[in-house]
Amino acid sequence: MGKNKLKKFKEMETIDCVFQYPYGQLQQTGFPMRGSWNQDFFHNSNPIVLELGCGKGEYTVGLARRFPDRNFIGIDIKGARMHRGACQARDEQLGNVAFLRTNIELLPRFFSPGEVDEIWITFPDPQMKKVRKRLTSTTFMQLYRQVLKPGGRINLKTDSPFLYTYTSAMVRLNSLPILADCADLHNAAQASDANTADQSPVYDGIDPSLREIRTFYEQQWIARGLSIKYLAFSLTPDGDLQEPQDDIPFDTYRSFSRGVLDQLNN
């Protein structure tokens, strides 16, 4: 492990808004704030919003800046990634931000039923060959049901035509209420702005301020001319969920090489 990662891990241990629970400790003692995040950490009764696979945490922090009346928790298994967002939250003294280092499959160990109001899934691996690993699969929907309030909102932002098409098919097959749907988020935003003189538009159910928060990967895809897709829906609290059987074409492009990513990151 490189010295830079070790330095980040050490610093993460000193940041109050970061929670890292080894699985062994979780098995023995459980997570003490499960069911009491509002009371014990945020010290308010505002809605709790999760970002799954938060990466560098820029989306979690960006949402927290814009919506001070909500509490945001970025979740990722890669501690070195979320270091940047955690430092930003600390330095800006954002009291409505936390970061949790864990596997997404362990969400019910950290949140009680109905404790979460909303989930963001931002630019996940589409897992084109492994349906059970897709963060928008029915397997994960059943997991989210264990922590979301009834009818809680799920937001997907993705560059992947495959994942967008799959998720849309899953939502429609299971008659989940669609709250927003846009196949080309930023171009739709520009068109709406051009046609609106005095007020910020809401296009396809989307708060226009959300397009201003762009993750590291989102900027990568935009730089390559790819469209960003957005889908939001309510997750009903019960009922069997069916997997779509649609034949969906795989994505044909690949991510940038590490060298190019390093340049974009600097």
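Numbering starts at 1 and runs along the sequence shown.
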Distance under 6.0 Å and angle within 45° of ring axis: R134 vs Y166
yes

Is the cationic atom of K157 (NZ for Lys, CZ for Arg) positioned less than 6.0 Å from the six-membered ring centroid of Y230 and within 45 degrees of its normal?
no

Below 4.5 Å, heavy atoms only, C-beta onward: do [X] and [Y] meet side chain to side chain?
X    : Y    : result
L135 : I104 : yes
N4   : L6   : no
R153 : L179 : yes
I121 : P124 : yes
M82  : I75  : no
E243 : Q245 : yes
F233 : T167 : yes
P108 : L143 : yes

Can you name the nearest heavy-atom pair linking [X] to [Y], along with the distance?
X    : Y    : result
F162 : P249 : CD1-O, 3.4 Å
A98  : W37  : CB-CZ3, 4.0 Å
P177 : T236 : CD-CG2, 4.2 Å
G151 : P237 : N-CD, 4.2 Å
P244 : A169 : CB-CB, 3.9 Å
R34  : P113 : NH2-CD, 3.8 Å

Is it true that atom CG of D16 has more than 12 heavy atoms of other residues, nucleotides or ligands lying nearer than 6.0 Å?
no

Is the count of non-hydrogen atoms from other residues, nucleotides or ligands lying under 6.0 Å from D240 atom CG greater than 12?
no

Cationic N near anionic O, under 4.0 Å, [X] to [Y]:
X    : Y    : answer
K130 : D125 : no
E212 : R65  : no
E115 : K149 : no

F19 and ring-ring contact (aromatic ring centres under 6.0 Å, His included): which single residue from F41, F99, F110 fits?
F41

Quick one: does [X]'s side chain have a donor or acceptor within less than 3.5 Å of a partner on [Y]'s backbone?
X    : Y    : value
R214 : I222 : no
D246 : I248 : no
N174 : Q242 : yes
T14  : E11  : yes
N96  : R70  : yes
D251 : S160 : no

Given the rule in the side-chain contact (heavy atoms from CB on, under 4.5 Å) test, do Y59 and F72 qualify, once you have shown the distances and angles that lead to the verdict?
CA-CA 10 Å; Y59 209 77; F72 296 90; over 6 Å; no

Please walk me through it: do N187 and S227 pass side-chain contact (heavy atoms from CB on, under 4.5 Å)?
CA-CA 8 Å; N187 284 337; S227 62; 5.8 Å; no

As an exercise, state the distance from [atom1] of [X] to [atom2] of [Y], rounded to the nearest 0.5 Å.
X    : Y    : atom1 : atom2 : result
C54  : K78  : SG    : NZ    : 13.0 Å
I73  : I119 : CD1   : CD1   : 11.0 Å
K229 : L163 : NZ    : CG    : 10.5 Å
L107 : L148 : CG    : CG    : 9.5 Å
I15  : D91  : CD1   : CG    : 8.0 Å
Y21  : L106 : OH    : CG    : 14.0 Å

With clusters defined by side-chain heavy atoms of hydrophobic residues (ILVMFWY) lying less than 4.5 Å apart, directly or transitively, does [Y] cluster with [X]?
X    : Y    : result
L26  : F111 : yes
V131 : M128 : yes
F140 : V116 : yes
V49  : M141 : no
I213 : I154 : no

Per the side chain to side chain donor-acceptor pair (under 3.5 Å) rule, which among E51, E218, E58 passes with T122?
E51

Please assess M170 against S137 for the test side-chain contact (heavy atoms from CB on, under 4.5 Å), listing each intermediate value before the final yes or no.
CA-CA 8 Å; M170 186 279 296; S137 70; over 6 Å; no

Name all pairs fulfilling the side chain to side chain donor-acceptor pair (under 3.5 Å) condition that reach into residues 97-109, sequence neighbours left out, sorted by first residue then second.
Q20-R101, Q27-R109

Worked verdict on R145 versus L241 for side-chain contact (heavy atoms from CB on, under 4.5 Å):
CA-CA 11 Å; R145 277 176 166 175; L241 295 174; 3.7 Å; yes

Report yes or no: do E118 and N155 form a side-chain donor-acceptor pair below 3.5 Å?
yes

